[in-house]
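So the structure is just underneath, and the comments pick up after that.
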Amino acid sequence: MKVYFGLPMMGKEEWKAAEFALRKKRYLTSAGQVAAFEEAFQNFVGGGNAVAVSSCTAALHLALLAYDIGPGDEVIVPALTFVAMAHVVEAVGAKPVFVDAHPESGNIDPDLIEEKITKNTRAISVVHLLGRACHMRSILDIARRHDLPVIEDCALALGSKHWEQHVGLIGDIGCFSFYPVKHITTGEGGILLTKHSGIAEKARRQRGFGRTKSPYDCKEFGLNYRMTEMQGAIGQVQLKRLPGFLKTRHRNYMRLRARLDLERIDSDCGSHYAFSVMLDNRDDVAKRLISHHVETSIYYPVPVPHLTYYREKYGKSSFPVAEEISRRNLTLPVGPHLSESHVEYLIERVRTAL
Ligand SMILES: *Cc1c(COP(=O)(O)O)cnc(C)c1O
């Protein structure tokens, strides 16, 4: 038996949908599939305006452009996250200001945000780590006090709700990823979700060179961040299957939680991207598991400010909680590619490896 950390859930229906989009004789782009995907996405999350783009990173970039963030500006970024958020801050010429994680959830620690806010701060970004929603009430309170927008990195959090509201609709902009091992996939792809229709319109223009239809003109900056029709077609099928995927994730997650009595990074609200534990002998356990064909992962192996690019540019600073999580975290798969017997095998292997 082999337990993969993640596998894309692609089948006949997705292949058929992509082929249908490809067979359009005249229009191979912007022919309705992407728009239909956006509408289906809005229905799934229960509102907002969805702008489909080529990746979550593109969506994060457009989120900063939406607020005209640029040189001289600072953006609050979690120290424990994927590098994409910090990189787009660099892309617009602004400076990421890192904030340490909370030891229980691994999400940004709201109590440490305010001391990092300066007169140059222009936005607060958060990541819902492994699908676990951040403590948004405290984050929104801080944002309101300082009149700052909140950008949510929801790349691993599709299906995650907080106070009955889907993540991405709690702050000002939410960015989702459809990379192969996320909750759903379109191969590559992303969505910018926002409750503000003006921001959605701006993002729609900026994903297509900043052009307005007529007359032929560019009043603002823009790039080509469009999603393809094939991706839009596949995305609609994946969204239909998402409730089933989420059910399997929940079942697998609860089984691991009940049967493995370990220190967890956990919270009660989330969409169960993976099961995350803390171990002192993490590297040994991971090695033993891989020798029995069980893949695991680490969220994240290095805090972003300690990655070479950021360390060399901004110097070394200390993020004790993120550092401890990086050192001790082991994350186990719970995805819909795992059958009940995969999960049994996984549990058995982890118990032996410990
Ligand atoms: C995957 C991921 C991204 C990047 O998504 P892309 O669609 O590959 O650009 C950003 N943030 C987090 C937390 C991720 O997991």
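Atoms within each ligand, like the ligands themselves, are counted from 1 in listed order. We use all heavy atoms of the structure for the numbers below, so side chains are in, but hydrogens, waters and symmetry mates are not. The structure displayed is predicted, hence computed values, not measured ones.
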Does a side chain donor of either [X] or [Y] reach within less than 3.5 Å of an acceptor in the other side chain?
X	Y	answer
H196	D172	yes
Y345	H293	no
N329	S276	yes

Quick one: does Y273 get a heavy atom under 4.0 Å from ligand 1?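 Flag not set, Y273 not near ligand 1.
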Give a yes/no on ligand 1: does A58 have at least one heavy atom closer than 4.0 angstrom to it? no
Tell me the protein heavy atom at minimum distance from [atom], and give that distance in Å.
atom	value
atom 7 (O) of ligand 1	S177 OG, 2.7 Å
atom 3 (C) of ligand 1	F82 CD2, 3.6 Å
atom 11 (N) of ligand 1	D153 OD2, 2.7 Å
atom 14 (C) of ligand 1	K182 NZ, 3.0 Å

Quick check on Y314: does its OH atom have over 12 non-hydrogen neighbours (other residues, nucleotides or ligands) under 6.0 Å away?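 Yes, enclosed.
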More than 12 heavy atoms from other groups under 6.0 Å of CD on E220: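 Counting neighbours around CD of E220, more than 12 heavy atoms of other residues, nucleotides or ligands fall under 6.0 Å, so yes.
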Are R241 and E14 ion-paired here, with the side-chain N under 4.0 Å from a carboxylate O? yes
Residue set satisfying side chain to side chain donor-acceptor pair (under 3.5 Å) with E13, at least two apart, ordered chain then number -> K240
Numbering as shown, the atoms of ligand 1 that approach [X] to under 4.0 Å (heavy-atom distance):
X	result
G189	7 (O)
L156	15 (O)
A84	10 (C)
V127	13 (C)
S55	7 (O), 9 (O)
A155	2 (C), 3 (C), 10 (C), 11 (N), 12 (C), 13 (C), 14 (C), 15 (O)

Aromatic plane relationship, F41 with F37 - under 30° parallel, 30 to 60° tilted, over 60° perpendicular: perpendicular
Would you tell me which option among T57, V88, V53 has the nearest heavy-atom contact to atom 4 (C) of ligand 1? T57
Where does Y300 meet ligand 1, judged by heavy-atom distances below 4.0 Å: at the side chain, the backbone, both, or neither? side chain
Is ligand 1 under 4.0 Å from a heavy atom in the side chain of C56, in the backbone, in both, or in neither? both
Evaluate the criterion side chain to side chain contact (heavy atoms under 4.5 Å, CB included) for residue pair M227 and E38; output intermediate values, then yes/no. CA-CA 11 Å; M227 174 178 269; E38 291 172 338; over 6 Å; no
Test your reading of the model: is there a side-chain donor-acceptor pair from R122 to the backbone of Y67, 3.5 Å cut-off? yes
